[in-house]
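Since the structure comes first, as structure tokens, the remarks are kept for the end.
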Amino acid sequence: MKNPVFALIDCNNFFVSCERVFRPDLATKPVAVLSSNDGCVVARSNEVKALGIPMAAPAFKYREIFDRHGIVKFSANFELYGNMSRRITELLTTITPRIEVYSVDESFLDLSQLDIRDHTAWGHKVRESILQWTGLPVSIGIAPSKSLAKLASDRGKKVPALDGVLSLMGNPETDWHLSQVPVGDVWGIGWRLAPKMRAEGAGTALHLAQLSPQRAQQLMGIRGRQLVAELNGISCFPLDLEHQKPKSILRSRTFGEDTSLASVIEAALASFATTAAFRLRRSSQLARRAGIFLDTNKHKPGFRRWSREVIYQVPTADTGQLISDTINLFSQIYSPRMSYHRAGVWLGDFRPADYLQTDLLGAIDPAKHDRAQARMQAVDVLNERFGKRTIRYATEDLAQKWQPRHHTRSPRYTTRPDELPTAKIVP
DNA sequence: TCTGGGGTCCTAGGACCC
DNA sequence: TCTGGGGTCCTAGGACCC
């Protein structure tokens with residue numbers, strides 16, 4: 001058994017970098033990407049960070065700074081970002097199959113089986129090929145634990161002299177790097193724990209690493225104890241290769257405008273149920289629970305949330321059933337006097353898709369179940385071949401008014417040929 | 001007027017059983 | 001009648017992540 005070596009590959013300002021690949025004219029301009037409804041800032045170029053605009057800042061509060069500095073705004077284009085993300089994943093998979101895709105812009109690699117003599121040089125080589133093949137700048141951290149790899153990639157990004165790569169494998173400066181990282185920037189220390197750690201005298205990652213395991217567990221539970229060990233180079237969080245199977249699925253949106261109309265909300269719920277069920281089928285699972293929730297505006301007085309759920313004796317991934325059940329749940333909590341701001345559908349308590357055959361045969365009507373399976377498979381095949389929403393349920397079409405606004409979305413360059421710019425050749 | 005969307009894990013407490 | 005302890009399952013809420 002070899003000693004663990006992890007690399008974290010982390011895309012810099014990911015959404016902004018994706019936009020810049022297709023807009024090289026923006027390479028040195030301040031650029032921000034906004035969430036659904038153009039509500040919050042979800043990605044910032046370094047220039048925007050330098051202007052003091054924080055992550056998740058409500059866009060309307062910073063409009064003046066946006067205008068004054070000519071910040072270029074994009075509505076989030078997740079189809080583009082997802083596609084760019086897959087390109088990087090494919091590239092990394094050629095290095096080693098032992099990869100954990102941790103998020104849309106971060107992957108861990110297990111390097112322990114590879115024959116790498118100089119980890120820093122290896123990091124620079126990987127960084128250059130990703131830049132060459134995708135146009136995206138990344139930072140790379142290499143260390144004996146995931147938490148240290150994460151911290152190292154962050155240092156690689158922030159310290160210009162490191163040029164995007166830091167290896168903490170046998171690095172005599174490890175303690176010094178730890179001493180430069182505020183405790184709140186450590187992976188796993190959020191806004192609640194950071195003040196608590198500072199009060200304990202642990203203001204930096206180095207101080208945190210020096211806590212006794214007992215004290216760490218007292219203050220932060222078992223995860224905290226493991227985190228402290230990780231900072232000392234003892235790996236507690238293994239590579240998660242099964243990451244791709246979700247344990248719950250949520251689809252929700254803030255509406256383009258608040259609404260009291262049942263038909264609008266039903267159309268939204270039908271649409272959420274459809275995409276959630278598709279994702280569920282793609283993961284080869286069935287749900288034993290499904291639920292909905294409705295919210296008023298949480299930033300206005302009198303904020304309220306309503307929710308209902310249904311438990312299935314026979315788990316399902318059938319879109320038709322999920323739509324009719326969510327609409328039914330909705331009718332139990334809907335009041336025409338309320339003004340709704342946001343709604344969502346969630347699925348949970350999953351079983352493997354072959355569970356019905358192995359465990360419930362006899363308890364269900366097999367013919368009926370097979371027909372439902374065949375129906376959903378046909379829908380998925382047609383939609384894959386001819387485009388999303390080729391086949392859909394009528395409830396989705398009751399209204400479009402719920403759909404979020406996205407006034408400044410860029411073309412989906414890599415997935416929608418019809419949105420590509422056209423070049424005219426002038427003779 | 002205008003404040004996102006999607007996840008995971010841990011813990012404490014209650015119900016229930018032996 | 002009262003007493004003890006342990007195990008499991010479920011749920012709600014908290015905390016974190018990107």
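Hydrogens, waters and symmetry mates play no part in the numbers below; they use all other heavy atoms, side chains included. The sequence lines fix the lettering, A, B, ..., with proteins before strands; numbering per chain opens at 1.
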_Any side-chain N or O of A:S248 below 4.0 angstrom from OP1/OP2 of B:dT8?_
yes

*Establish, from distance only, whether the side-chain atoms of A:H341 and A:D295 form a donor-acceptor pair under 3.5 Å.*
no

*Which of the following nucleotides, B:dC9, B:dG4, B:dG7, is nearest to the side chain of A:L250?*
B:dG7

*For A:D38, answer base if it contacts any base atom (sugar-phosphate contacts may also be present), sugar-phosphate if it contacts only those atoms, and nothing otherwise; contact means non-hydrogen atoms under 4.0 Å.*
nothing

*asked:* Output the rounded distance in Å from CZ (A:F350) to P (B:dG7).
replied: 8 Å

*asked:* Quick check for you: among B:dC10, C:dC16, B:dT3, whose closest atom lies nearest to any side-chain atom of A:N297?
replied: B:dT3

*Would you confirm whether the ring centroid of A:F78 sits within less than 6.0 angstrom of the ring centroid of A:F15?*
yes

*Protein-nucleotide distance (A:N37, atom CG; B:dC2, atom P), rounded to Å*: 11 Å

_Classify A:K150 by what it touches in the nucleic acid, base, sugar-phosphate, or nothing, heavy-atom distance under 4.0 Å._
sugar-phosphate

*asked:* If you only use heavy atoms from C-beta on, which nucleotide in C:dC18, B:dG4, B:dC9 is closest to the side chain of A:C40?
replied: B:dG4

*Which of these, A:W402, A:F293, A:W306, sits in a ring-ring contact (aromatic ring centres under 6.0 Å, His included) with A:Y340?*
A:W306

_Closest approach to the side chain of A:T254, judged atom by atom: which nucleotide of B:dG5, B:dT3, C:dC18 is it?_
B:dG5

_Let's see if you can work this out: which of B:dT11, B:dG4, C:dC18 has an atom nearest to the side-chain heavy atoms of A:I222?_
B:dT11

*asked:* Regarding A:H406, tell me which of base, sugar-phosphate or nothing describes its non-hydrogen contacts under 4.0 Å with the strands shown.
replied: nothing

*Nearest of C:dC17, B:dT8, B:dG4 to any side-chain atom of A:P246?*
B:dT8

*With respect to the side chain of A:R223, which nucleotide from B:dG4, B:dC10, C:dT11 is positioned closest?*
B:dC10

*Less than 4.0 Å between a side-chain N and a carboxylate O, is that true for A:D25 and A:R23?*
yes

_Per A:R192 side chain, nearest of listed nucleotides C:dC16, B:dC2, B:dG4_ = C:dC16

_Nucleotide of B:dT3, B:dT8, B:dT1 approaching A:R63 most closely (side-chain heavy atoms)_ = B:dT1

*For B:dG5, does either OP1 or OP2 sit under 4.0 Å from a side-chain N or O belonging to A:S35?*
no

_Side chain of A:K247 only, heavy atoms from C-beta on: which candidate in C:dA15, B:dT3, B:dT8 is closest?_
B:dT8

*So what does A:I189 touch, heavy atoms closer than 4.0 Å: a base, only the sugar-phosphate, or nothing?*
sugar-phosphate

